[in-house]
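Written out below as structure tokens is the structure these notes cover.
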Amino acid sequence: MRGFSQAMTVPTLPEHLDLLGTHVEDRGVLRFITAGSVDDGKSTLIGRLLYDTKSILSDQLAALARAGERRGTNSPKGALDLAALTDGLEAEREQGITIDVAYRYFATGRRKFIIADTPGHEQYTRNMVTGASTADAAVILIDATRVVDGQLLPQTRRHSALARLLGIRHIVVAVNKLDQLDFSQQTFETIVSSYRAMAARLGLTEVTAIPISALHGDNVVSLSQQTPWYTGPHLLEWLESVPSALEENQQAQAPLRFAVQYVLRGFDPNEGGARGYAGRVGSGTIRPGQTVRVLPSGAVARVLSVGTFDGPLLEAQPGQSVVVRLDRELDISRGDWLAPEDAAAQPVEARQFTADLAWLDSSPLALQRKLWLRHGTRWVQARIRRIDEVLDLGAVEWRESEEQSTLGPNDIARVVVETQQPLALDPYDRVQTGGAFILADAATNHTVAAGMVRTAG
């Protein structure tokens, strides 16, 4: 069961959750996802976090109670199904499952949080990839009652592999529903041992494990007396302490990547170029006076100004949408990139590259299938030339494909991609903006795969 029952009493907020935040440093925003197999309790956990941090308005609580009575749940009278807080679609409420990604927000005195509740069903793996693509951290839930002899469920392994491929560095394993197993320490340690062995094969090194009951709130926002053998952080404490990508300054330290999205005209040519180039700073920084190289043309220019709707900036950071003006007129259009002048900091221009690919379409991949590839703001025709390796989710290791010519839904593979025109590519591990791409079917325009560049050229 995804839902859970909770009497309508407002909990006392622990001191460390002072929402005014006057006695602790504000650490900014952390984006994280809940992931794992279906019915592991992801939506329930989010409901518990929102409830115990007093992030649910009174009218929302009343609406949840009325909705529960109309649905005729098995919950006691006046009880709440807090998992329904993330169910925005009628089909989700009817079936008791998560289908689309649901975003929720809450805050404590230490930081603000953006949660992406991602689906556990294999059919909706593509939606998990969407939520994970912008996450700083991942909470992988495991239903302890469904793990037999330490054998993790396929979606647990798949979501962990995707989190690794997408570059999520901080992962916490929340072993859930231990209340149904008398909070067995042995069960917890067996599951954690199996997960750590799998994580090591995937290359996940920073993994924290916490025993929880999302239903009753054990070890969610405070340590539980039911687990005296556990002395680590509770979940909220871990979320408050884990560094975000902004704090780690990963993208700001990477070389500049600015994908031109739109060309604006009408600027005074006497003050520099008559055109402005709108887009988002993907990595690095850009500021007036900086020399940049335009790709793919290779032309060099000096940045005249960096502006927003609210006025000019001295420097634009990753994630900011700005308009850049240059000191000379150049042939620049949507899909072009601004990068540093220094050759060592530029991407590699190539028509062929190796990538890790998550195939997300319901129909299988065929090597001759015509595809469109989107990289940054540019679309080019592409095809998969070769499948080199496929991730075996059972053994959690890469296996040579032996001339495999197709991929099924939710397969993860290492492939060679060929494009009609050269692209300015980065290894995803180095610059995520320059190393990420999606594939769309040329006939239907449906997104069929998400990929991460590994090597180019």
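Using a 4.0 Å cut-off between a side-chain N of Lys or Arg and a carboxylate O of Asp or Glu, Arg454 and Asp429 qualify as a salt bridge. Comment: Arg275 engages Glu329 in a salt bridge, judged by a side-chain N to carboxylate O separation of less than 4.0 angstrom. A salt bridge is defined here as a Lys NZ or Arg NE, NH1 or NH2 lying under 4.0 Å from an Asp or Glu carboxylate O, and Arg385 with Glu418 meets this definition. Look at Arg399 and Asp392 and you find a salt bridge, because one of the NZ, NE, NH1 or NH2 atoms lies within 4.0 Å of a carboxylate O, short of that distance.
Counting non-hydrogen atoms of neighbouring residues, nucleotides and ligands closer than 6.0 angstrom, the CD atom of Glu400 reaches no more than 12 such neighbours. For OH of Tyr103, the number of neighbouring non-hydrogen atoms (other residues, nucleotides, ligands) closer than 6.0 Å is greater than 12.
Close placement of the Phe353 and Phe437 rings is indicated, their centers lying within 6.0 Å of each other.
Every residue two or more places apart in sequence or in another chain was checked for a salt bridge (charged side-chain N to carboxylate O under 4.0 Å, His left out) with Arg164, and none qualifies.
In this structure, Thr231 and Leu223 have side chains that are not in contact, with every pair of non-hydrogen atoms separated by 4.5 Å or more.
A salt bridge (charged side-chain N to carboxylate O under 4.0 Å, His left out) check over residues 439-452, counting only residues at least two apart or in different chains, returns the pairs Arg369-Asp441.
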Below 3.5 Å, can you tabulate the donor-acceptor pairs from side chains in residues 254-261 to any protein atom, sequence neighbours excluded?
{"unit_1": "Arg257", "atom_1": "NE", "unit_2": "Asp426", "atom_2": "OD2", "d": "2.7"}
{"unit_1": "Arg257", "atom_1": "NH1", "unit_2": "Ala345", "atom_2": "O", "d": "3.1"}
{"unit_1": "Arg257", "atom_1": "NH2", "unit_2": "Ala345", "atom_2": "O", "d": "2.9"}
{"unit_1": "Arg257", "atom_1": "NH2", "unit_2": "Asp426", "atom_2": "OD1", "d": "2.9"}

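For the 3.5 Å distance criterion, the side chains of Tyr105 and Ser55 fail to qualify, holding no donor opposite an acceptor.
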